Amino acid sequence: MPSYAFFKKKFIPTSEAKLGILTHALHYGTACFEGIRVNWNSDDKQLYIFRCPEHYERLLNNCKMLKINIPYTVDKLCSLTVNLIQKSGYKEDVYIRPLAYKSSEALGVRLHGLEDDIFIVVTPFGPYLDADNGIKCCVSSWIRPDDNMIPARGKITGIYVNNALAKTEAIENGFQEAIMLTSDGYVSEGSGENIFLVTDGKLVTPGCYDRILMGITRDTVIQLAKKELGIETIERHIDRSELYLANEVFLTGTAAHITPVVEIDHRKVGDGKIGKLTKKLQKLYFDVESGRNKKYLHWCTPVYSKQAKGRKTRAEIG
Ligand SMILES: Cc1ncc(COP(=O)(O)O)c(C=O)c1O
């Protein structure tokens with residue numbers, strides 16, 4: 001069965017979805033995108049899309065920043081996504097990549113006077129980082145752009161050159177992920193993840209002022225820590241040296257789930273093993289995102305049931 005893409009307002013086999021070489025977004029990075037995980041639950045024989053409306057809410061906000069007009073509501077984008085996965089017939093973990101872009105085949109740096117479009121593709125997707133054993137990170141020599149350079153909260157394709165430079169530098173130097181700082185020297189985020197520290201039993205994470213993407217996994221962790229473990233998260237600036245002194249450090253992201261960091265800049269984090277709180281949060285998060293924790297089923301959109309079509313948005317659930 002071929003994998004399908006939603007492309008130019010139609011579902012077509014992914015292999016047939018092609019863009020012209022003059023497409024504006026390809027030249028100038030004038031696009032924004034999302035990454036959404038869809039998790040196979042073998043007990044329920046069901047695929048669950050995790051926090052689908054929240055991803056599309058973020059995408060539409062980012063479209064506003066880039067002056068991209070998409071003729072779809074959050075609900076419509078969610079139902080297109082459900083239809084796309086059904087059509088492709090997956091029964092394994094997959095990843096959804098919606099990308100809204102300046103689609104005119106025209107040269108010239110600008111945002112105005114151009115056509116817009118969106119495509120959505122689906123692809124099988126396994127682990128991104130080694131969440132089971134933990135990873136080694138370095139502090140990157142590349143810094144996060146300030147908000148008045150390219151807004152980091154935007155998930156804008158063009159800004160990802162910054163992330164790619166940091167990631168490749170980290171890999172080539174023998175680490176698995178980069179941790180970037182802001183121009184003020186505060187801890188910002190990984191190349192595709194937010195960061196949390198556990199210090200004296202408290203969770204600490206940088207706020208939006210530290211040039212981060214406001215992650216949906218980050219929000220999930222903050223909510224689960226509070227509601228399930230009674231632990232508040234403190235949002236504040238974090239100094240680089242705090243990374244070396246934290247008891248536990250972990251990264252969060254749709255692709256990365258919750259990935260423990262066991263070493264930073266050749267210094268062990270805590271005792272160099274995966275921390276207790278990190279482990280607890282990993283287990284909680286796994287159960288929630290795969291639809292095994294029924295208390296949080298409102299965050300999971302089922303793909304293969306009638307419910308999927310009439311799913312309520314977050315606003316309707318309240
Ligand atoms: C730069 C960056 N930060 C953080 C995240 C985590 O965001 P989310 O949890 O919404 O996937 C991502 C991944 O999308 C990212 O690319």
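Keep in mind that this is a model prediction, so the values were computed, not measured. Start at 1 and go down the list; that is how both ligands and their atoms are numbered.
- Taking the salt bridge (Lys or Arg N to Asp or Glu O under 4.0 Å) definition, one finds that Glu242 meets it with Arg236, sequence neighbours left out.
- Other members of a hydrophobic cluster containing Phe175 are absent, since no ILVMFWY side chain comes under 4.5 Å of it, directly or through relayed contacts.
- At distances below 3.5 Å, at least one donor-acceptor pair connects side-chain atoms of Asn162 with backbone N or O atoms of Ile143.
- Around NZ of Lys76, the count of heavy atoms belonging to other residues, nucleotides or ligands within 6.0 Å does not exceed 12.
- In this structure, the side chain of Ser104 engages the main chain of Glu115 through a donor-acceptor pair within 3.5 Å.
- Closer than 4.0 angstrom to ligand 1 lie heavy atoms from Arg58, Lys155, Tyr160, Asn163, Glu189, Ser191, Gly192, Glu193, Asn194, Leu213, Gly215, Ile216, Thr217, Thr252, Gly253, Thr254.
- For Ser88, the side chain to side chain contact (heavy atoms under 4.5 Å, CB included) criterion is met by Ser3, Tyr4, Tyr90, Val122, not counting sequence neighbours.
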